[in-house]
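To start, the structure itself, in structure tokens.
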Amino acid sequence: MKNSAPNLQLPEAIPVSLTINGQQHNLKLQPWVSLLDTLREHLHLTGTKKGCDHGQCGACTVLVDGKRINSCLTMAVMKDGAEIVTIEGIASGDELHPLQQAFIDNDAFQCGYCTPGQICSAIGLMNEGKAKSLADVKELMSGNICRCGAYSHINEAIMQVKDDAAAAKMQMKFSGIEAISPVEDDAEADDSIVETEIEEALLQAEGGATHE
């Protein structure tokens, strides 16, 4: 007697709406299709790389609602309605994102395969606001593997952007103080003038009374 395999009914495709790099995409996907395969195979956004496909290398990192995730471990249907940013959406037109420029300035890539995931992960790291030092950056970026070993340059690029952002924030703070200071000085000057006028009036009054 031959063994007969039961007829299995596969789940039907599910409607999914994803906003990717500011553009809405309405798709029908099987429940098991990963976000990574959706980006690469269905939407042809091949900047996001498939490395280990087990969530261990970070090459597939993208931003979902501002947070970095491994897209190979995430089912696309789980992110219905989410805002997703891939490496293709990082730049603003022809203007590179500061991290993209910093990677160029610091020669932070060799083969470049891990670079999209590294940059997206670094942006997520900065959004988290937990990295206060180089040691923090190394620890929080440890999920992104560079098989070429360009870690020191990658870390330098991230620290450059962090330092530039901190300097810009400090400059804005100081500029705000400078903008307010003249107003405060004028107010103090006005108060001083009023006090002087009052004192002179009192002296005149006192002098007039004595003279009489």
Side-chain angles (χ1 to χ4, degrees), residues 16 18-23 25 27 29 32-92 95-162 165:
V16 181
L18 303 173
T19 301
I20 302 172
N21 301 328
Q23 183 177 354
H25 297 272
L27 306 168
L29 301 170
W32 58 80
V33 177
S34 69
L35 180 58
L36 173 60
D37 286 339
T38 300
L39 294 171
R40 291 181 58 84
E41 307 300 332
H42 292 266
L43 300 175
H44 309 294
L45 295 171
T46 55
T48 305
K49 303 305 182 186
K50 180 178 285 195
C52 65
D53 213 23
H54 287 78
Q56 297 179 352
C57 73
C60 68
T61 303
V62 298
L63 299 168
V64 177
D65 296 330
K67 297 181 180 180
R68 51 184 175 159
I69 67 163
N70 290 323
S71 60
C72 72
L73 295 182
T74 304
M75 301 300 103
V77 295
M78 297 169 59
K79 300 304 175 184
D80 184 36
E83 294 276 349
I84 300 167
V85 178
T86 70
I87 191 64
E88 289 90 348
I90 297 299
S92 178
E95 182 179 354
L96 295 179
H97 187 280
L99 269 167
Q100 291 176 307
Q101 187 61 55
F103 266 63
I104 295 171
D105 295 342
N106 291 276
D107 193 21
F109 47 84
Q110 291 187 38
C111 78
Y113 195 83
C114 74
T115 303
Q118 297 277 2
I119 291 175
C120 287
S121 186
I123 293 173
L125 174 146
M126 292 185 181
N127 290 342
E128 293 163 8
K130 296 178 181 178
K132 307 301 183 183
S133 64
L134 177 59
D136 292 338
V137 169
K138 289 180 178 180
E139 175 65 25
L140 294 172
M141 287 293 294
S142 61
N144 289 79
I145 296 174
C146 174
R147 291 177 175 84
C148 299
Y151 294 112
S152 60
H153 292 191
I154 291 170
N155 293 330
E156 287 170 4
I158 296 171
M159 291 302 296
Q160 174 183 311
V161 175
K162 274 181 55 61

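Residue pairs satisfying the salt bridge (Lys or Arg N to Asp or Glu O under 4.0 Å) criterion with at least one member in residues 35-44, sequence neighbours excluded, are listed as follows: Asp37-Lys50. Screening residues 122-133 for salt bridge (Lys or Arg N to Asp or Glu O under 4.0 Å) gives Arg68-Glu128 as the qualifying pairs, with residues at least two apart or on separate chains. Judged as a side chain to side chain donor-acceptor pair (under 3.5 Å), not a single pair has a partner in residues 69-80 (not counting sequence neighbours).
The side chain to side chain contact (heavy atoms under 4.5 Å, CB included) test with Ile123 is passed by exactly one of Leu99, Val161, Ile158: Leu99.
Shown here are the side-chain hydrogen bond (donor to acceptor under 3.5 Å, both in side chains) partners of Thr86, two or more places apart in sequence or in another chain: Asn21, Glu88.
Distance check, rounded to the nearest 0.5 Å: OG of Ser152 to NZ of Lys138 gives 8.5 Å. Atom OG1 of Thr48 and atom CG of Leu39 lie 5.0 Å apart (nearest 0.5 Å). Atom OH of Tyr151 and atom OG of Ser142 lie 9.5 Å apart (nearest 0.5 Å). Distance check, rounded to the nearest 0.5 Å: CD1 of Ile119 to CG of Leu96 gives 9.0 Å. Atom CG of Leu29 sits about 4.5 Å away from atom OG1 of Thr38, to the nearest 0.5 Å.
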Task: CA sep, side-chain torsions, deciding dist, call: Met75, Ser34, side-chain contact (heavy atoms from CB on, under 4.5 Å) - done: CA-CA 4 Å; Met75 301 300 103; Ser34 69; 4.2 Å; yes
Task: Pair Ser121-Met141, side-chain contact (heavy atoms from CB on, under 4.5 Å): steps then yes or no - done: CA-CA 7 Å; Ser121 186; Met141 287 293 294; 3.6 Å; yes
- [ ] Walk me through it: do Lys162 and Met159 pass the test side-chain contact (heavy atoms from CB on, under 4.5 Å)?
- [x] CA-CA 5 Å; Lys162 274 181 55 61; Met159 291 302 296; 4.3 Å; yes
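The shortest distance between side-chain heavy atoms of Gln118 and Cys146 falls below 4.5 Å. You'll find the side chain of Leu35 stays beyond 4.5 Å of the side chain of Leu73, heavy atoms only. Side-chain contact check for Leu43 versus His25: some heavy-atom pair is nearer than 4.5 Å.
A donor-acceptor pair under 3.5 Å is formed between the side chain of Ser133 and the backbone N or O of Asp136. Between the Gln100 side chain and the His97 main chain, a donor and an acceptor come within less than 3.5 Å of each other.
For the residue pair Ala76 and Val16, the shortest heavy atom distance occurs at O-CG1, 3.8 Å.
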Identify all side-chain donor-acceptor contacts of residues 103-110 below 3.5 Å with residues at least two apart in sequence or on another chain.
{"residue": "Asp105", "atom": "OD1", "partner": "Gln101", "partner atom": "NE2", "Å": "3.0"}
{"residue": "Asn106", "atom": "ND2", "partner": "Ala102", "partner atom": "O", "Å": "2.8"}
{"residue": "Asn106", "atom": "ND2", "partner": "Gln160", "partner atom": "OE1", "Å": "2.8"}

Only distances under 3.5 Å count here; give the side-chain donor-acceptor pairs of residues 51-66 to other protein atoms, sequence neighbours excluded, each with its distance to 0.1 Å.
{"residue": "His54", "atom": "ND1", "partner": "Cys52", "partner atom": "O", "Å": "2.8"}
{"residue": "Thr61", "atom": "OG1", "partner": "Gly58", "partner atom": "O", "Å": "2.7"}
{"residue": "Asp65", "atom": "OD1", "partner": "Glu83", "partner atom": "N", "Å": "3.0"}

